[in-house]
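Below, all heavy atoms of this structure are taken into account, side chains as well, without hydrogens, waters or symmetry copies.
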Amino acid sequence: MPTRHHTYLLVHGAWHDGRVWRRVAPLLAAEGHRVLAPSLTGHGDKAHLLGPEVGLTTHVDDVVGLVLAEDLRDVILVGHSYAGMVISSVANRIPERLAGLVYVDALVPEHGETVVDVVPATRPMIEAASGGDEPWRIPPPPALPAPIGLFGVTDPDDVAWLETTLGDESVRCFAEPAELDSPAQASIPRTYVLCVGSEPPGMQRRPAPAARPDGAPTRVRELRTGHDCMLTRPAELADLLLEAAAG
C-alpha cells in the first residue's frame with residue numbers, strides 16, 4: 001500500500017515566529033509530506049502588523065485563511081504552546097479539512113476559556129504590561145540560567161538565534177476565548193506531546209486529556225526536554241508528528 005502523504009501545518013507559539021520549526025520541517029518533508037510553517041500576524045514577516053487589535057481571533061483567521069486559500073485537506077495541524085488555543089479554534093471552524101491535531105507542549109482549552117484561564121501564571125504578564133506606555137504589548141520573557149534557559153533552550157548559540165526571532169505579543173491574544181462548540185471537531189484525532197523535566201517554577205500543566213470529546217482515546221507522548229522541543233529535540237519531535245499521522 002502506498003504511503004499516505006499529509007500536509008503538516010505547524011503553528012508557532014506566543015512571541016515566536018514560523019522560523020522556530022526550521023529543524024523539524026525538513027525532516028517531515030523528507031518523508032514526502034508537504035510542510036507549511038507560517039508566521040502569525042504580528043510575528044516574523046508580519047511583525048509590522050502587531051497592534052492592540054491583534055488577538056486570538058486574528059491568528060485563527062490566519063490559519064483558516066491559509067488552509068482555504070491553499071485548498072488544503074487532510075491536514076495535520078500542529079500547535080505549540082499558545083497555539084494550542086489557535087488550533088483548537090481552527091478545528092472548530094474547519095474540522096472537515098483536518099486529519100489530526102497535535103498539541104506540542106500546548107495549551108488545551110475548554111470552550112470559552114482564555115489563555116489566562118488555562119495558564120493563570122500569564123495574568124501577571126498582562127498586569128505588568130498595563131503599567132507601560134503601550135499597555136497592550138507583552139514582551140517575551142528573558143533567558144534564565146539552565147535548565148530553564150529561554151523557553152527551555154539552553155545551548156548558547158540556539159539562545160542567541162532564538163532571541164533574534166522573538167517579538168512582543170498582544171494582550172488580546174491572551175484575553176480572547178477559544179471556541180469549541182462545534183460537534184464536528186469532537187472526532188478529530190488528537191496527540192499531546194508533553195515536554196518534561198525542565199518546567200519553570202510556578203508553571204502548572206493541566207493533565208493531557210486521555211479521551212477526545214467524542215470519547216475515543218487520545219495519544220499522549222513525552223519528550224524529556226525543554227519547552228521549545230522543535231529546537232532541542234527536532235528528530236524526536238518529527239518522529240512523534242509522523243506517528244500522529246500514521247493513525
Name the one of L27, V102, T191 that satisfies side-chain contact (heavy atoms from CB on, under 4.5 Å) with L241?
V102
Going hydrophobic residue to hydrophobic residue with side-chain gaps under 4.5 angstrom, can you get from L166 over to L50?
no
I'd like to know if the side chain of R19 and the backbone of G44 have a donor-acceptor N/O pair within less than 3.5 Å.
no
Shortest non-hydrogen contact from T154 toward P147:
CG2-O, 3.9 Å
Hey, are T225 and T232 close enough side-chain-wise for a donor-acceptor pair under 3.5 Å?
yes
Do the side-chain N and O atoms of S89 and E179 include a donor-acceptor pair separated by under 3.5 angstrom?
no
Any side-chain to backbone donor/acceptor pair from D105 onto C195? Under 3.5 Å, distance only.
yes
D62/T41 under side-chain hydrogen bond (donor to acceptor under 3.5 Å, both in side chains): CA gap, chis, key distance, verdict:
CA-CA 7 Å; D62 287 342; T41 296; 2.9 Å; yes
Find out whether F174 and L56 are in side-chain contact, i.e. whether some heavy atom of one side chain is under 4.5 Å from a heavy atom of the other.
no
Non-hydrogen side-chain atoms of L223 and V196 separated by less than 4.5 Å
no
Supply the atom-to-atom distance L101 CG to S88 OG, rounded to the nearest 0.5 angstrom.
7.0 Å
Where P38 and L9 come nearest, the two heavy atoms and their spacing:
CD-CD1, 3.5 Å
Take R23 and D158 through the test salt bridge (Lys or Arg N to Asp or Glu O under 4.0 Å) and record every step on the way to the result.
CA-CA 12 Å; R23 292 175 178 168; D158 286 345; 2.7 Å; yes
I'd like to know if the side chain of E169 and the backbone of I138 have a donor-acceptor N/O pair within less than 3.5 Å.
no
Working for side chain to side chain contact (heavy atoms under 4.5 Å, CB included), residues F151 and W15
CA-CA 10 Å; F151 296 104; W15 301 293; 3.6 Å; yes
Considering only distance and modelled atom types, tabulate donor-acceptor pairs under 3.5 Å from the side chains of residues 119-130, sequence neighbours left out.
unit_1 : atom_1 : unit_2 : atom_2 : d
T122   : OG1    : V119   : O      : 2.7
S130   : OG     : E127   : O      : 2.5

Kindly determine whether H227 and S81 satisfy side chain to side chain contact (heavy atoms under 4.5 Å, CB included), including the steps that lead there.
CA-CA 8 Å; H227 184 55; S81 195; 2.9 Å; yes
Ring centres of H43 and H16 under 6.0 Å apart?
no
Could you label the plane-to-plane angle of the H33 and H5 rings as parallel, tilted or perpendicular, counting under 30° as parallel and over 60° as perpendicular?
perpendicular
Polar side-chain atom of E222 near backbone of L194 as donor-acceptor pair, under 3.5 Å
no
Those residues that, when tested against H6, pass ring-ring contact (aromatic ring centres under 6.0 Å, His included) (two or more places apart)
none
Salt bridge (Lys or Arg N to Asp or Glu O under 4.0 Å) evaluation trace for D239 with R221
CA-CA 11 Å; D239 286 344; R221 300 288 184 264; over 6 Å; no
Would H111 and N92 count as having a side-chain donor-acceptor pair, cut-off 3.5 Å?
no
Report yes if the side chains of L66 and L36 come closer than 4.5 Å at any heavy-atom pair, otherwise no.
yes
In Å and rounded to the nearest 0.5 Å, what is the CG to CG distance from D228 to L231?
5.5 Å
Determine the minimum heavy-atom distance between V171 and P135, stating which atoms define it.
CG2-O, 3.5 Å
What's the verdict on side chain to side chain contact (heavy atoms under 4.5 Å, CB included) for V104 and V78, showing C-alpha distance, side-chain angles and the deciding distance?
CA-CA 7 Å; V104 179; V78 181; 3.6 Å; yes
Check the hydrophobic clustering (I, L, V, M, F, W, Y; side-chain heavy atoms under 4.5 Å; chains of links allowed) and say if L180 and L77 are grouped together.
no
Distance, nearest 0.5 Å, that separates CZ of R93 from CG of L98:
12.0 Å
Does L40 belong to the same Ile/Leu/Val/Met/Phe/Trp/Tyr cluster as W136, with side-chain heavy atoms less than 4.5 Å apart forming each link?
no
Shortest non-hydrogen contact from V54 to H59?
CG1-NE2, 3.7 Å
Contact check, side chains of W21 and H80, non-hydrogen atoms, under 4.5 Å:
yes
Can a side-chain donor-acceptor contact be found between D117 and T114 if the only test is distance below 3.5 angstrom?
yes
Can you label the angle between the Y192 ring and the Y103 ring as parallel, tilted or perpendicular, going by 30° and 60°?
parallel
Backbone N or O of D157 within a donor-acceptor pair of the D155 side chain at under 3.5 Å?
yes
Would you please say whether a donor-acceptor pair under 3.5 Å links the side chains of D214 and S187?
no
So that I can tick it off, tell me whether R34 and E70 are bridged by a salt bridge, with the cut-off set at under 4.0 angstrom between side-chain N and carboxylate O.
yes
Please test D71 against R73 for side chain to side chain contact (heavy atoms under 4.5 Å, CB included), starting from the C-alpha separation and ending with a verdict.
CA-CA 7 Å; D71 195 23; R73 300 177 187 275; 3.2 Å; yes
For the residue pair Y8 and A245, what are the closest heavy atoms and their distance?
OH-CB, 3.1 Å
Considering only heavy atoms from C-beta outward, does the side chain of P189 approach that of R212 to under 4.5 Å?
yes
Interatomic distance, Q185 atom CD to I87 atom CD1 [nearest 0.5 angstrom]
11.5 Å
Heavy-atom closest pair, residues P177 and G112
CB-O, 3.4 Å
Around atom CZ of R172, are there more than 12 heavy atoms from other residues, nucleotides or ligands closer than 6.0 Å?
no
Using the rule that two of Ile, Leu, Val, Met, Phe, Trp, Tyr join whenever any of their side-chain heavy atoms come within less than 4.5 Å, decide whether V11 and L68 are in one cluster.
yes
According to the salt bridge (charged side-chain N to carboxylate O under 4.0 Å, His left out) rule, which pairs have a member within residues 106-116, sequence neighbours left out?
E113-R206
